[in-house]
Engineer: 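Got a structure for you, questions after.
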Amino acid sequence: MKFLVINGVNLNLTGKREQGVYGTETLEEINEKIKSFLEVNGDEVEFFQSNIEGELVNALHDAYLGGSCDGIILNAGAFTHYSYALRDAIAAIDIPVVEVHMSNVHARDEFRHKSVLSEVCRGVVCGFGAGSYIAALAGLKTL
Ligand code: DQA
């Protein structure tokens, strides 16, 4: 199977920013973990990160138009809580998307309790650090 892992705004600073919340592993290290998890079963994965909302929308469109992506993991960062553009892009594509957060967003600030993406996603995983990505991929693989 072929997967795409998309990380949004500020996720490039993972491992450096707010270490008490997001830990000390860098995004590159997390991506290596994901790769190792998928390689065992011969699955393929591509990674994309951007701080720009429109580039995330384009990545979703490209995965759809490319025609060979079986599932998408999306940690949109703070865009999760207000981006109707990302929501519409997820709704527009015929690929299962899993919303992921490293932290338990429900145990944090109130504005993080609301996601405008969840309703159009196949599932949601939060609270397991890098493990959230692995758990989400494991879920996608059962489909
Ligand atoms: C996050 C949670 C969001 O609320 C926050 O804005 C992020 C990271 C997470 O992975 O826990 O940037 O998506």
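Side chains included, hydrogens not; waters and symmetry mates left out as well; all remaining heavy atoms used. Ligands are counted one by one from 1 in listed order, and the atoms in each one are counted from 1 as well. Predicted model only: the values in this text are computed from it and were never measured.
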Engineer: Does atom CZ of F111 have more than 12 heavy-atom neighbours from other groups under 6.0 Å away?
Structural biologist: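 Above 12, so yes.
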Engineer: Which value, rounded to the nearest 0.5 Å, describes the distance between L137 atom CG and I72 atom CD1?
Structural biologist: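 So the CG of L137 and the CD1 of I72 are separated by 11.5 Å.
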Engineer: Between N41 and E39, is any side-chain donor less than 3.5 angstrom from a side-chain acceptor?
Structural biologist: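 No, because no side-chain N or O of N41 sits under 3.5 Å from a partner of the opposite role on E39.
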Engineer: Please determine whether side-chain contact (heavy atoms from CB on, under 4.5 Å) holds for the pair V116 and K114, giving the CA-CA distance in whole Å, both sets of side-chain angles, and the decisive distance to 0.1 Å.
Structural biologist: CA-CA 7 Å; V116 299; K114 169 80 182 163; 4.2 Å; yes
Engineer: Answer yes if the side chains of E99 and S115 hold a donor-acceptor pair under 3.5 Å, and no otherwise.
Structural biologist: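 Looking only at side-chain atoms, S115 and E99 do form a donor-acceptor pair, the distance falling under 3.5 Å.
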Engineer: If we ignore angles and hydrogens, is there a donor and acceptor under 3.5 Å between the side chains of N75 and Y133?
Structural biologist: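 The criterion, which ignores hydrogens and geometry beyond distance, is satisfied for Y133 and N75.
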Engineer: Provide, line by line, the atom pairs where ligand 1 and the protein bring an N/O atom each to a distance under 3.5 Å; else say none.
Structural biologist:
unit_1: ligand 1; atom_1: 4 (O); unit_2: H81; atom_2: NE2; d: 2.7
unit_1: ligand 1; atom_1: 4 (O); unit_2: R112; atom_2: NH1; d: 2.9
unit_1: ligand 1; atom_1: 6 (O); unit_2: A78; atom_2: N; d: 3.1
unit_1: ligand 1; atom_1: 6 (O); unit_2: R112; atom_2: NH1; d: 3.1
unit_1: ligand 1; atom_1: 10 (O); unit_2: N75; atom_2: ND2; d: 2.9
unit_1: ligand 1; atom_1: 10 (O); unit_2: M102; atom_2: N; d: 2.8
unit_1: ligand 1; atom_1: 11 (O); unit_2: M102; atom_2: N; d: 3.2
unit_1: ligand 1; atom_1: 11 (O); unit_2: S103; atom_2: N; d: 2.9
unit_1: ligand 1; atom_1: 11 (O); unit_2: S103; atom_2: OG; d: 2.6
unit_1: ligand 1; atom_1: 12 (O); unit_2: R17; atom_2: NH2; d: 2.8
unit_1: ligand 1; atom_1: 13 (O); unit_2: N75; atom_2: OD1; d: 2.8
unit_1: ligand 1; atom_1: 13 (O); unit_2: H101; atom_2: ND1; d: 2.8

